[in-house]
Amino acid sequence: MLQDDFSELENIRLEKMLRMRAEGIEPYPTSTKRNASTAEAVRAFETAEAANSSEEVKAVLAGRLRAIRNMGKLSFAHIEDRDGKVQLLFRVDELGEELLQTFARDFDLGDFIEAQGTMFRTRRGEVTLLVKSFRMLAKALLQLPADKDEVVDGKTIRHAALTDPETRFRQRYVDLAVNPETREVFRIRTAAVSALRSFLDGMGFMEVETPILQPIYGGAAARPFVTHHNELDQDLYLRISFELYLKRLIVGGLERVYEIGRDFRNEGVSYKHNPEFTQLEFYMAYADYRDIMEITEQMVSSVAQKVLGTQIIHFDGHEINLAPPWKRLEIRQGLLDQTGIDISQHKTAAELSAVLREKGIQHNPNAPRGKMIGDMMEQFLEPLLIQPTFLYDYPRDISPLAKNKPGDPQTVERFEGFVAGMELCNAFTELNDPLEQEKRFLELGRAYAEGDEERHPMDEDYLRALAYGMPPTGGFGMGIDRFAMLLTGHHNIREVILFPPLRDTNQG
RNA sequence: GGGCGUGUAGCUCAAUGGUAGAGCAGUGGCCUUUUAAGCCAUUGGUUCAGGGUUCGAGCCCCUGCACGCUCACCA
């Protein structure tokens with residue numbers, strides 16, 4: 001039982017709760033008469049004050065007790081709700097000795113309280129609720145980590161705030177309850193997703209939902225999670241992308257579709273990788289990757305403006321300006337500038353490997369040409385891309401779903417958007433030639449058969465869909481978690497995921 | 001998976017191999033009407049777990065667990 005593990009401190013709270021109940025006071029009532037948030041009440045009072053109104057501002061507030069200062073004949077307290085904090089004053093001549101004693105006796109930090117009264121300003125200048133009546137809304141049996149605040153010259157100084165990452169992530173409810181900045185991170189994340197939706201909705205996109213459990217996974221290079229459907233006696237994969245399903249919808253004539261949802265990749269974790277992550281993908285008929293670049297910079301900058309009130313963000317010590325236009329850097333040119341190697345002059349893996357060796361550049365000589373170029377990009381280009389930059393024109397053999405650049409069989413119309421040296425999004429002109437697509441799948445299959453860990457199954461139905469005809473289409477994908485990292489300035493993906501995965505433990 | 005690091009009271013942190021501590025919170029007291037992280041007193045520990053070395057281990061060694069950073073794979 002829960003209470004078997006209770007400490008002395010927790011048993012004291014438990015006894016208070018039981019005593020209240022024995023006295024006929026319900027410590028967990030079903031409803032409250034709250035009629036304003038703390039911020040609303042303060043605002044209402046300040047408005048009335050500014051208008052020199054003589055009318056009392058009454059309010060019923062509710063929140064978690066964050067500070068209590070009992071002083072004999074009066075008590076001060078602070079309650080906190082989602083919007084902020086407000087001070088409560090309990091006075092003996094308002095409440096009588098007995099009620100005031102009740103407050104001091106029954107209420108602890110962390111309890112939820114309802115207080116009804118009138119707003120006023122103390123001699124110290126703090127807008128405060130003078131309490132006429134109050135009531136327990138929910139007794140807290142466990143003690144929240146201490147984080148007493150001290151306000152010095154208008155600045156809040158935290159004392160002993162909860163910082164232990166394990167506790168913060170395993171018991172996110174405590175982190176949220178105690179650390180306002182954590183609440184702010186998730187407010188920003190939610191607002192960003194909402195702003196992305198309205199941006200796309202405003203462009204006539206249709207939000208759709210496609211299968212998460214898929215018989216054949218595809219649309220990205222990643223190992224999937226496998227699960228099993230008992231009734232069908234069939235293995236299913238948790239999707240690694242939405243791509244192939246969304247493009248089927250373009251074949252179907254929906255023209256502009258997007259999905260925001262979870263992808264699952266059975267890979268390692270890092271500060272920018274989580275096994276499940278939230279992805280935005282959109283597909284737009286009659287657009288190519290140039291159009292998508294413009295939409296991207298427009299979308300990202302306008303969402304930042306809407307959510308943060310600015311297009312300037314701070315990340316990893318950098319000040320980054322998201323305002324369009326973003327820099328455009330052709331991969332071939334970028335690598336030429338950084339390494340002196342013109343990849344267009346080295347058309348096979350062997351040739352490229354030779355020149356890399358000549359230049360003394362570390363590489364895997366057995367890798368395919370595209371992979372080699374990808375490694376070069378990672379090494380020489382990506383770390384430089386602090387300000388928003390579109391890297392464009394990718395090697396064909398690492399882009400199996402993108403359309404060739406006219407007249408250049410080794411290059412495709414694809415770009416990735418980088419911010420703060422981190423890949424934020426990936427987009428291309430979609431390959432809509434069914435026979436070419438089949439060829440690409442087959443090439444992939446071969447590459448993987450030759451020793452790669454990932455095996456990519458052929459999606460016959462997707463090829464059939466393409467064979468019915470897909471209009472020229474631009475497609476786009478962006479990791480929402482990474483976007484949230486940028487907007488909140490966090491350098492770790494777990495900080496922007498409410499319940500990041502942690503290893504299971506029996507210690508509770 | 002590899003490397004490095006961390007694990008001490010509810011929280012934040014101390015402690016040459018020699019009596020486990022502080023602040024906050026908790027408990028008790030002070031409180032006489034707009035303040036105070038107030039003041040005084042006080043409770044609280046399987047030092048992550050299990051072995052080992054030692055007269056003696058929070059500290060040294062081994063094993064395990066969890067977490068962090070980092071490398072690899074990937075977005």
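All heavy atoms count here, side chains included; hydrogens, waters and symmetry mates do not. These numbers were taken from a predicted model, which means no experiment stands behind them.
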Give A/V269 one of three labels, base, sugar-phosphate or nothing, depending on what nucleic acid heavy atoms sit under 4.0 Å from its own. base

Complementary nucleotide of B/C11, counting Watson-Crick and G-U pairs under 3.5 Å: B/G23

Check the side chains of A/R69 and A/Q87 for a donor-acceptor pair under 3.5 angstrom, ignoring hydrogens and angles. yes

Complementary nucleotide for B/G28 - Watson-Crick or wobble, under 3.5 Å: B/C40

Is a donor-acceptor pair below 3.5 Å formed from side chain A/E126 to base B/U34, judging by atom type as modelled? no

B/G68 -> Watson-Crick or G-U wobble partner, both distances under 3.5 Å, gives B/C4

Would you mind telling me which residue lines up with the more 5' stretch of RNA chain B, A/L130 or A/L502, judged by nearest nucleotide? A/L130

Could you tell me if A/Y289 and A/D393 have a donor-acceptor pair between their side chains, going purely by distance under 3.5 Å? yes

Go through B/G68, B/A75, B/C67 for me and flag the one nearest to the A/E166 side chain. B/C67

Between A/E423 and A/F76, name the one whose nearest nucleotide on RNA chain B is closer to the 5' end. A/F76

Record whether the side chain of A/R121 comes under 3.5 Å of the base of B/U34 through a donor-acceptor pair of N or O atoms. no

If you check the A/R170 side chain, which of B/C31, B/C67, B/U34 turns out closest? B/C67

Backbone N or O of A/E423 within a donor-acceptor pair of the A/R482 side chain at under 3.5 Å? yes

Among B/G68, B/U27, B/A75, find the nucleotide with the atom closest to the side chain of A/R494. B/G68

Rounded interatomic separation in angstrom, taking CG from A/L144 and P from B/A25: 14 Å

Establish, from distance only, whether the side-chain atoms of A/Y245 and A/E243 form a donor-acceptor pair under 3.5 Å. no

